[in-house]
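First comes the structure, then the notes that go with it.
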Amino acid sequence: MDFKEIIVVDYFNNPINDIKNNPSKIDEYISKGIDIDVLKICPPGTVIGYPVGELRYSLSIYLPFFSHISFSLSPGEHAWVVEPKNNNRLFSYWMTRKIGFAESEDINYTVEERGAITSDEIQTFSQCFPEIRPNIDMSPIRKDAIARKEFKGEPVPRFTTPSHATSMQGSNNTLVLLTHNNEIKSGQVDIIAGRGQDSLSKPLTIVTNNDGYDEIDKGPYNGSTRSVTEGNLSPTDLSRIIASMKFDPDSYFSIDIIPEAGGAGPAVVLKSDQVRIVAKKDFKIQVGEGENASGIVIKSNGDIIILPSAQGIVKIGGEDATGAILASKTGINIAGKVTSAPIASTSGGLIGLEGTIGPFSGNGIFATKILVKID
């Protein structure tokens with residue numbers, strides 16, 4: 001196979017619909033060499049582009065190289081492609097976006113042409129979109145391509161993947177990281193959306209480029225100035241899911257409501273501003289096993305059941321709850337109405353003792369598994 005580079009002109013996530021909904025743009029692509037009958041049978045993720053370093057300026061079709069995995073790619077970016085030998089150029093394959101040097105590389109959108117700037121008159125690489133390809137106007141490719149409506153330009157903190165780790169980044173500040181927690185037997189999976197929220201992890205400088213959206217400043221001609229902690233994982237990240245073999249979530253996220261509970265160990269953490277868990281039938285939380293198990297069950301009929309262990313107590317209001325609840329022995333019916341008579345005192349003024357007085361159900365009984373905080 002031949003390994004080559006292309007300028008991406010457009011991306012088709014649904015070729016049939018894209019052809020149907022953009023007739024004038026498709027006519028333009030046909031006039032530049034695209035075979036519409038071939039494009040109609042192409043899979044999702046197909047791109048069209050110009051080969052770099054060749055004399056021909058007709059568009060070619062490139063199918064996605066990888067099955068079951070899709071990578072981010074936007075019109076105007078450059079991509080690596082492979083072309084089978086003796087190929088008729090109808091079925092070549094794109095592999096991934098081309099990574100740039102410091103003046104161009106951006107996980108949100110990389111402008112490869114910035115790497116060819118040879119003048120120090122440019123104050124910042126992050127504002128310009130050089131037109132240095134002969135016979136190819138890059139501005140309409142970036143702005144008018146069919147896939148352009150899906151692009152959301154924004155500054156995304158750069159992430160440095162440790163040598164031991166595996167990472168997958170999205171174009172809009174999302175990250176999946178397979179790593180460890182700096183110890184043996186501490187493998188950890190992180191899913192993060194929204195890095196760079198504090199003074200240490202945020203980019204040093206944001207600029208508005210000539211296309212009108214913000215991006216990270218890549219610095220002047222001699223290279224960018226970058227914080228060494230930019231993009232690092234932080235407790236301030238907007239949303240995060242952690243599954244770890246050994247992790248202390250209370251310490252990391254400053255959770256101190258019951259300090260003596262917790263510590264380092266196998267942990268799963270879900271952190272965000274708004275957390276929702278939706279169960280269509282029932283929902284269970286269990287801690288411990290057997291007689292030592294406690295939990296909460298939410299049933300499909302609407303009942304919420306709190307179950308302490310055999311030796312446990314439900315404490316409402318705090319760890320130091322000491323107040324016992326006086327209850328009616330017969331309780332309420334299914335409609336939520338009281339079915340027993342009011343609690344009555346004995347002749348000695350005592351309540352909370354089992355027994356009956358006349359027509360009443362008794363003088364109440366104290367719950368043995370629930371304590372409430374009363375001071």
Side-chain angles (χ1 to χ4, degrees), residues 4-12 25 32 45 47-54 57 59-60 62 70-81 94-160 169-175 195-196 202-227 230-231:
K4 298 184 178 182
E5 176 185 349
I6 66 167
I7 298 172
V8 178
V9 172
D10 218 330
Y11 180 105
F12 299 92
K25 201 66 181 176
K32 295 179 179 180
V47 305
I48 58 175
Y50 293 113
V52 173
E54 296 187 11
Y57 290 100
L59 289 172
S60 296
Y62 301 91
S70 297
F71 295 116
S72 171
L73 191 62
S74 295
E77 291 187 307
H78 288 223
W80 293 115
V81 301
W94 72 272
M95 299 184 69
T96 183
R97 176 180 65 81
K98 182 183 178 182
I99 292 179
F101 288 98
E103 68 270 17
S104 62
E105 173 60 25
D106 193 306
I107 199 67
N108 183 251
Y109 188 88
T110 295
V111 183
E112 171 69 17
E113 285 71 26
R114 291 173 181 170
I117 297 174
T118 58
S119 172
D120 56 7
E121 295 179 359
I122 301 296
Q123 294 182 349
T124 173
F125 288 100
S126 300
Q127 291 178 307
C128 65
F129 292 85
E131 297 285 353
I132 60 177
R133 302 285 173 176
N135 301 321
I136 300 178
D137 189 354
M138 297 297 295
S139 181
I141 292 177
R142 295 193 312 273
K143 297 178 181 180
D144 301 330
I146 295 172
R148 180 66 181 186
K149 59 181 177 294
E150 300 171 353
F151 173 73
K152 304 297 180 185
E154 61 179 308
V156 177
R158 289 163 286 199
F159 180 72
T160 302
Q169 296 187 68
S171 297
N172 295 93
N173 204 351
T174 55
L175 171 68
R195 293 174 296 112
K202 70 179 182 181
L204 289 177
T205 309
I206 303 297
V207 298
T208 301
N209 62 36
N210 293 340
D211 271 1
Y213 66 88
D214 290 344
E215 64 173 277
I216 293 176
D217 188 12
K218 310 301 187 299
Y221 179 75
N222 62 352
S224 63
T225 301
R226 175 183 176 183
S227 166
E230 177 188 323

Original post:
Would Tyr62 and Tyr11 satisfy ring-ring contact (aromatic ring centres under 6.0 Å, His included), going step by step from the backbone distance to the final call?
Top reply: CA-CA 10 Å; Tyr62 301 91; Tyr11 180 105; over 10 Å; no
**OP:** Determine, stepwise, if the pair Asn172 / Glu154 fulfils side chain to side chain donor-acceptor pair (under 3.5 Å).
**Re:** CA-CA 7 Å; Asn172 295 93; Glu154 61 179 308; 2.6 Å; yes
Identify the heavy atoms of [X] and [Y] that sit nearest to each other, and give their distance.
{"X": "Gly100", "Y": "Ser104", "value": "CA-OG, 3.4 Å"}
{"X": "Gly231", "Y": "Pro157", "value": "CA-CB, 3.7 Å"}
{"X": "Pro75", "Y": "Ile141", "value": "CB-O, 3.5 Å"}

Are the side chain of [X] and the backbone N or O of [Y] linked by a donor-acceptor pair below 3.5 Å?
{"X": "Asn108", "Y": "Ser171", "result": "yes"}
{"X": "Tyr213", "Y": "Pro155", "result": "no"}
{"X": "Trp94", "Y": "Ile48", "result": "no"}
{"X": "Asp10", "Y": "Ala147", "result": "yes"}
{"X": "Arg148", "Y": "Lys143", "result": "no"}
{"X": "Glu77", "Y": "Thr110", "result": "yes"}

**OP:** Please assess Asn209 against Glu215 for the test side chain to side chain donor-acceptor pair (under 3.5 Å), listing each intermediate value before the final yes or no.
**Re:** CA-CA 7 Å; Asn209 62 36; Glu215 64 173 277; 2.8 Å; yes
Subject >> Derivation of the side chain to side chain contact (heavy atoms under 4.5 Å, CB included) call for Glu112 and Glu105 >> reply: CA-CA 8 Å; Glu112 171 69 17; Glu105 173 60 25; over 6 Å; no
Subject >> Row check, Phe129 ring normal vs Arg114 NZ/CZ: under 6.0 Å, within 45° >> reply: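 Relative to the ring axis of Phe129, which defines the angle, Arg114 lies inside both limits.
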**OP:** Could you list the residues that satisfy side chain to side chain contact (heavy atoms under 4.5 Å, CB included) with Thr205, not counting sequence neighbours?
**Re:**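 Result, side chain to side chain contact (heavy atoms under 4.5 Å, CB included) vs Thr205: Val207, Asp217.
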Subject >> From CA spacing to verdict: side chain to side chain donor-acceptor pair (under 3.5 Å), Arg226, Thr160 >> reply: CA-CA 12 Å; Arg226 175 183 176 183; Thr160 302; 3.3 Å; yes
**OP:** Apply side chain to side chain donor-acceptor pair (under 3.5 Å) to the pair Asp214 and Thr208, showing each step before the final yes or no.
**Re:** CA-CA 4 Å; Asp214 290 344; Thr208 301; 2.6 Å; yes
Do [X] and [Y] have side-chain heavy atoms sitting under 4.5 Å apart?
{"X": "His78", "Y": "Val52", "answer": "yes"}
{"X": "Leu59", "Y": "Tyr50", "answer": "yes"}
{"X": "Gln169", "Y": "Thr174", "answer": "no"}

Subject >> Full working for side chain to side chain contact (heavy atoms under 4.5 Å, CB included) between Arg97 and Ser72 >> reply: CA-CA 8 Å; Arg97 176 180 65 81; Ser72 171; over 6 Å; no
**OP:** Please step through salt bridge (charged side-chain N to carboxylate O under 4.0 Å, His left out) for the pair Lys218 and Asp106, ending with a clear verdict.
**Re:** CA-CA 9 Å; Lys218 310 301 187 299; Asp106 193 306; 2.8 Å; yes
Original post:
Is Glu113 salt-bridged to Arg133, cutoff N-O under 4.0 Å?
Top reply: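 Yes, charged N to carboxylate O under 4.0 Å.
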